[in-house]
Each structure stands twice: as C-alpha cells, then as structure tokens.
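Here the structure is a predicted model, which means the values were calculated and not measured.
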Amino acid sequence: MSAAEEQDRLLRGPRSALERARQDPATWDDLAYCARITDEDPLADRNRAARFAVLWALQYDRRAQDLPLLRFLLQQQTNLLP
C-alpha cells in the first residue's frame with residue numbers, strides 16, 4: 001500500500017465528519033467543548049477526539065467557506081473550565 005493510499009484510508013472517517021460539519025452546522029454541537037470530570041484528568045473533554053478528527057481533515061482539505069467552522073473548532077479547543 002502506498003503512502004497516499006494509507007493516508008486516504010486513515011482520513012476516511014475524519015473526512016466524513018468534516019463533510020457532515022460542512023453540510024449541517026447543527027452537528028457542530030458534537031464538536032463543542034464538553035467537560036468531563038474524572039479522577040485521572042479533571043479537565044477531560046469528551047468531544048476532543050471528534051474535534052481533532054475534523055481539524056485533521058481540514059489540514060488536507062480546507063476551503064474559504066470553512067472559516068466559520070475553523071473559528072468554532074479553535075475556540076472550542078481553547079476552552080477551559082472556570
């Protein structure tokens with residue numbers, strides 16, 4: 001398997017999530033910062049992995065129309081508990 005084929009395979013899920021976010025801003029709630037208090041990590045974010053996947057896909061396929069989505073994702077990425 002070539003490197004390009006492996007990259008396509010790895011990005012299949014993230015690209016699907018990116019397309020879903022592009023098509024329906026209501027799905028952005030699934031990417032928002034959502035605190036999860038645990039004993040191991042008091043600042044855990046239950047949507048961190050989903051947000052990371054969309055940001056990863058955006059790295060390889062960004063469009064001018066993605067600016068509001070990118071701003072939202074970065075704002076959520078920098079949220080902290082009060």
Task: Members besides Trp28 in its Ile/Leu/Val/Met/Phe/Trp/Tyr cluster (side-chain heavy atoms under 4.5 Å) - done: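 Leu18, Leu31, Val54, Leu55, Leu58, Leu69, Leu70, Phe72, Leu73, Leu74, all in the cluster of Trp28.
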
Open item on the list: Closer than 3.5 angstrom, by distance alone: can the side chain of Arg62 be matched with the main-chain N or O of Gln59 as a donor-acceptor pair?
Closed with: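 Yes.
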
[X] to [Y] - nearest heavy-atom pair and separation:
| X | Y | value |
| --- | --- | --- |
| Ala57 | Pro14 | CB-O, 3.5 Å |
| Arg51 | Tyr33 | NH1-N, 3.6 Å |
| Cys34 | Asn47 | CB-ND2, 3.7 Å |

Open item on the list: Going by side chain to side chain contact (heavy atoms under 4.5 Å, CB included), name the residues that satisfy it together with Asp29, two or more places apart in sequence or in a different chain.
Closed with: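 So Asp29 forms no side chain to side chain contact (heavy atoms under 4.5 Å, CB included) with any residue.
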
Task: Intermediate values then yes/no, side chain to side chain contact (heavy atoms under 4.5 Å, CB included), Asp61 and Arg63 - done: CA-CA 7 Å; Asp61 178 18; Arg63 304 172 187 169; 3.6 Å; yes

Open item on the list: Does anything in residues 65-77 form a salt bridge (charged side-chain N to carboxylate O under 4.0 Å, His left out)? List the pairs, not counting sequence neighbours.
Closed with: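 The answer is Arg22-Asp66.
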
TODO: May I ask you to say whether Asp8 pairs ionically with Arg15, meaning some side-chain N is under 4.0 Å from a carboxylate O?
DONE: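 A salt bridge links Asp8 with Arg15.
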
Task: Distance, nearest 0.5 Å, that separates CG of Leu11 from CH2 of Trp56 - done: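 One finds 4.5 Å between CG of Leu11 and CH2 of Trp56.
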
